[in-house]
**Q** 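Would you mind keeping the following structure in view while I ask a few things?
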There are 2 protein chains.
Amino acid sequence: MTRTTIADVAKAAGVSVSTVSRALRGLDRVNPETRQRVEAEANRLHFSFSKSASSLASGKTMRVAVLLPSEISSWFNSHAFEGAYEVLSAEGYDVIPYILWSQKELDRFFQNLPGNRNVDAIIVASFDFDEAKKQVLGELTIPVVGMNTPSAHGLDAGAAIDDIAAMGVIVRFLKSLGHTTLAYVGQPINASPFICSDAVRENGFLQAAEACGYGNDDIIVIPSLRNMDVRNEQDIYSGIVAQLLSAPKQPTGICVSVDAAAAPLLKELRRMGWRVPQDMSVVGFDDDPSASIVDLTTMHQNPTEIGRVAARKTLALLAGETLEEPFSIMPTSLVLRGTTERIG
Amino acid sequence: MTRTTIADVAKAAGVSVSTVSRALRGLDRVNPETRQRVEAEANRLHFSFSKSASSLASGKTMRVAVLLPSEISSWFNSHAFEGAYEVLSAEGYDVIPYILWSQKELDRFFQNLPGNRNVDAIIVASFDFDEAKKQVLGELTIPVVGMNTPSAHGLDAGAAIDDIAAMGVIVRFLKSLGHTTLAYVGQPINASPFICSDAVRENGFLQAAEACGYGNDDIIVIPSLRNMDVRNEQDIYSGIVAQLLSAPKQPTGICVSVDAAAAPLLKELRRMGWRVPQDMSVVGFDDDPSASIVDLTTMHQNPTEIGRVAARKTLALLAGETLEEPFSIMPTSLVLRGTTERIG
DNA sequence: ATGAAAGCGCTAACAG
DNA sequence: CTGTTAGCGCTTTCAT
């Protein structure tokens with residue numbers, strides 16, 4: 001399996017390198033017979049193009065970067081990545097994840113990628129950037145597309161759900177069930193310094209609650225614990241339950257910002273003797289596999305599809321097209337399961 | 001953000017390209033002052049290397065491919081990938097997933113990658129290859145490392161759990177609990193034509209059962225349904241439960257090949273009126289998040305660590321080192337939770 | 001329809 | 001310590 005180059009194929013087929021190049025890439029202006037011969041030789045010699053050489057010569061890298069905050073193993077990230085991969089790989093692109101755990105790595109990424117065309121496009125998942133970064137992104141000549149990024153600034157396109165509207169649906173649903181006191185529980189364990197759909201959702205909760213006539217005393221917000229010392233999960237959730245139960249007005253309708261936090265919270269709530277849904281309704285967000293396991297009422301979203309749509313926009317942009325609708329709002333829907341019930 | 005090349009930096013710093021190259025790559029034989037000046041200019045001009053040019057010139061791509069069967073969003077795959085990413089990216093490598101859903105894509109991968117150094121190494125997750133592929137892999141001059149691949153043939157190194165031994169532990173545990181009739185439930189929904197830890201585990205179950213003195217009538221195996229028509233999940237699992245309950249000798253100890261299948265199975269079992277663990281013990285495999293949610297006794301493994309170890313071996317191989325222990329057995333441990341109980 | 005030639009941006013000896 | 005000289009393997013005009 002010694003490395004064979006296009007020159008080897010050319011020699012074997014008795015043609016020039018450029019002919020081989022054209023033939024193998026399916027360009028026109030090459031005699032069918034010649035093409036056949038070339039293809040046969042290429043095959044025989046196990047030839048394949050060197051991506052580096054191709055991209056150096058052509059200026060196209062056939063690679064797109066996908067920026068992920070914190071981890072690729074989370075439900076959202078892995079599915080969004082997969083959706084993007086699915087459509088991009090079909091067009092021959094390599095899709096390279098860049099997992100950015102910290103600000104430092106973000107900086108490193110920004111320092112290396114932009115300048116010299118190392119990728120043809122960038123897809124960004126979930127996180128928001130500071131103004132300086134947005135600036136840089138905006139100046140980039142390659143397409144930058146978002147997947148559930150909270151802001152469009154600096155991006156050429158994007159696909160995202162409407163967190164604000166979705167939280168509105170949840171709040172109104174809870175109100176319709178007769179809950180007069182509501183709580184919002186932020187993602188308890190959140191290592192990433194970037195993700196902020198959490199903040200957006202909290203905002204949506206607050207707005208909707210106000211619009212629905214809930215007073216300041218009728219709502220309680222338990223924020224994300226970003227910089228806390230490491231404790232075991234159990235402690236974290238019982239702490240949250242403690243806050244919930246010790247509120248002046250005990251909430252009966254709980255919005256949890258992500259399903260992943262809902263399962264342990266439910267368990268803790270029940271351990272403390274509360275009955276869900278009889279005493280308390282709980283609504284999650286995502287509809288990940290854990291939601292169906294614990295029979296959680298939750299806001300459904302489809303990250304795979306978000307990834308696909310983002311990738312399609314990327315492809316269009318790469319093809320030089322102008323998007324009629326650069327930023328798409330992806331659908332979301334409330335799935336009613338067993339953790340919510342009419343109160344009273 | 002116009003593309004600046006190493007030549008621009010050289011001109012700006014008043015030195016030659018090769019000096020810039022040396023300076024920026026941290027090689028010795030460059031005057032500290034010169035280096036400073038070069039770095040300053042590079043910074044000012046937002047210079048960064050073109051990977052394509054570097055790899056074309058140096059022969060190193062600084063990229064490693066990770067072959068994944070079916071999906072990157074599964075618990076095992078996403079974590080194994082992440083582990084590999086973690087150690088590889090720290091050394092400056094891009095790590096590129098290749099998700100192979102079908103034989104066709106596997107073929108395409110084999111056709112494109114091997115010949116011309118497009119990656120420096122390949123890491124393969126979970127799946128086994130046919131002899132022809134192993135042959136090709138073996139002939140490859142770049143390192144090929146496995147993560148939980150059932151066979152070592154064609155690989156230069158690997159990190160994997162011992163499925164056979166782990167199943168032995170499960171079977172003996174169930175026996176110790178007094179279960180006289182056992183069942184093995186294969187992964188019910190399995191689109192991939194490659195994964196086969198399933199088959200290996202089934203094998204391990206059979207071997208251990210025999211070794212423990214279980215007769216042919218004392219065990220029942222419900223195989224993976226690979227090529228079945230699409231049905232809803234519910235139906236699939238109730239079908240399994242039906243098989244379990246209609247067996248001549250009804251099993252009381254159930255081994256499920258993956259946790260992901262255990263949660264729905266448990267639900268279905270209970271829906272049919274069976275009490276777990278009182279009437280039946282259920283043991284899973286993986287210890288993924290669903291296991292702790294449903295309080296499942298299961299065999300724990302750490303895919304992230306498997307990915308890390310595989311990546312470290314890859315790095316060592318890339319550095320030309322000879323591994324003292326090319327193939328490592330990764331630890332596994334039975335986690336006792338609430339779905340198992342002494343029978344009778 | 002095909003070939004020749006000039007790079008793409010960088011690394012790697014080899015001189016100096 | 002630094003510059004010169006060749007390529008790496010391919011694409012791309014431009015001729016023919």
Side-chain angles (χ1 to χ4, degrees), chain A residues 2-39 41-42 45-63 92 112-120 141, chain B residues 2-39 41-42 45-63 92 112-120 141:
Chain A
T2 161
R3 176 168 97 278
T4 97
T5 75
I6 200 174
D8 299 326
V9 179
K11 199 179 307 164
V15 294
S16 73
V17 227
S18 35
T19 299
V20 174
S21 177
R22 283 183 221 112
L24 260 25
R25 282 184 301 155
L27 302 187
D28 19 344
R29 301 191 162 244
V30 33
N31 187 307
E33 280 177 20
T34 312
R35 187 187 305 264
Q36 285 239 331
R37 192 152 30 92
V38 171
E39 281 170 347
E41 287 306 314
L45 299 173
H46 291 296
F47 170 76
S48 63
F49 289 105
S50 153
K51 287 206 180 208
S52 295
S54 296
S55 72
L56 187 54
S58 70
K60 295 181 60 24
T61 66
M62 291 309 281
R63 288 186 248 269
N112 289 324
L113 258 205
N116 259 292
R117 20 167 147 300
N118 280 326
V119 292
D120 294 336
T141 52
Chain B
T2 161
R3 177 169 94 279
T4 96
T5 75
I6 200 175
D8 299 326
V9 179
K11 199 179 306 164
V15 294
S16 74
V17 232
S18 38
T19 300
V20 175
S21 177
R22 283 184 222 112
L24 261 25
R25 283 185 300 156
L27 302 188
D28 21 344
R29 306 195 155 237
V30 34
N31 186 308
E33 281 177 19
T34 313
R35 187 187 304 262
Q36 286 240 329
R37 192 150 30 92
V38 170
E39 280 170 347
E41 287 305 314
L45 298 173
H46 291 297
F47 170 77
S48 64
F49 289 106
S50 154
K51 288 208 178 204
S52 295
S54 296
S55 72
L56 188 53
S58 70
K60 296 181 57 26
T61 66
M62 291 309 279
R63 288 185 247 269
N112 290 323
L113 258 206
N116 257 292
R117 21 168 145 297
N118 281 327
V119 292
D120 294 336
T141 52

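Below, all heavy atoms of this structure are taken into account, side chains as well, without hydrogens, waters or symmetry copies.
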**Q** Starting from the C-alpha separation in whole Å, work towards a yes-or-no answer on side-chain contact (heavy atoms from CB on, under 4.5 Å) for B:Leu24 and B:Val38.
**A** CA-CA 7 Å; B:Leu24 261 25; B:Val38 170; 3.5 Å; yes

**Q** Does a side-chain N or O of B:Thr5 approach OP1 or OP2 of C:dG9 to a distance below 4.0 Å, or not?
**A**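 Result: no.
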
**Q** The side chain of B:Ala53 lies closest to which of these nucleotides: D:dT2, C:dC8, C:dC10?
**A**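 The answer is C:dC10, which lies nearest to the side chain.
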
**Q** Could you state the CZ-P distance from A:Arg29 to C:dT2, rounded to the nearest angstrom?
**A**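 In whole Å, C:dT2 P lies 11 Å from A:Arg29 CZ.
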
**Q** Quick check: on DNA chain D, is the nucleotide nearest A:Ala57 upstream (toward 5') of the one nearest B:Ala57, or the reverse? Name the residue that is more 5'.
**A**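 By nearest-heavy-atom nucleotide position, the 5'-most residue is B:Ala57.
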
**Q** Does any donor atom in the side chain of B:Ser50 or B:Ser52 lie under 3.5 Å from an acceptor atom in the other side chain?
**A**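 Per modelled atom types, B:Ser50 and B:Ser52 side chains form no pair under 3.5 Å.
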
**Q** Look at the side chain of A:Arg22 against the base of C:dG3 and say whether a donor-acceptor pair falls under 3.5 Å; ignore hydrogens and angles.
**A**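 In this structure, the two groups form a donor-acceptor pair.
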
**Q** Please give, in whole Å, the distance from C:dC10 P to B:Lys11 NZ?
**A**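 Rounding to the nearest Å, NZ of B:Lys11 and P of C:dC10 are 13 Å apart.
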
**Q** Just how far, in rounded Å, is P of D:dC10 from NZ of B:Lys51?
**A**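 It works out to 20 Å between those atoms.
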
**Q** Between B:Ser54 and C:dT11, is there a side-chain N or O to OP1/OP2 distance below 4.0 Å?
**A**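 True: B:Ser54 side-chain N/O within range (under 4.0 Å) of C:dT11 OP1/OP2.
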
**Q** Among the nucleotides C:dT2, D:dC8, D:dC10, which one has an atom lying closest to any side-chain atom of A:Val30?
**A**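 Of C:dT2, D:dC8, D:dC10, C:dT2 is nearest to the side chain of A:Val30.
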
**Q** C:dG7 C1' sits how many Å from B:Ile6 CD1, rounded?
**A**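 About 17 Å, once rounded to whole Å.
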
**Q** Name the closest nucleotide to the A:Phe47 side chain, picking from D:dC10, C:dC10, D:dG9.
**A**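 Between D:dC10, C:dC10, D:dG9, the one nearest the side chain of A:Phe47 would be D:dC10.
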
**Q** Using a cut-off of strictly less than 4.0 Å, decide whether B:Ser21 has a side-chain nitrogen or oxygen near OP1 or OP2 of C:dC10.
**A**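 So the side chain of B:Ser21 is outside the cut-off, no N or O lying under 4.0 Å from OP1 or OP2 of C:dC10.
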
**Q** Determine the contact category for B:Thr34: base if any of its heavy atoms lies under 4.0 Å from a base atom, sugar-phosphate if only primed atoms, P, OP1 or OP2 are that close, otherwise nothing.
**A**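 If one applies the 4.0 Å heavy-atom cut-off, B:Thr34 turns out to touch the sugar-phosphate alone, with no base involved.
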
**Q** Answer yes or no: does a side-chain N or O of A:Arg35 lie under 4.0 Å from OP1 or OP2 of C:dT2?
**A**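 For C:dT2, OP1/OP2 do not have a side-chain N/O of A:Arg35 under 4.0 Å.
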
**Q** Might you work through the side-chain contact (heavy atoms from CB on, under 4.5 Å) test for A:Met62 and A:Ser54, ending with a clear yes or no?
**A** CA-CA 9 Å; A:Met62 291 309 281; A:Ser54 296; over 6 Å; no

**Q** Starting the side chain at C-beta, find the nucleotide from C:dT2, D:dT12, C:dT11 nearest to A:Asn31.
**A**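 That would be C:dT2.
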
**Q** Just call it for B:Ser18: base, sugar-phosphate, or nothing, with non-hydrogen atoms closer than 4.0 Å on any strand.
**A**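 Base, at least one base heavy atom under 4.0 Å.
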
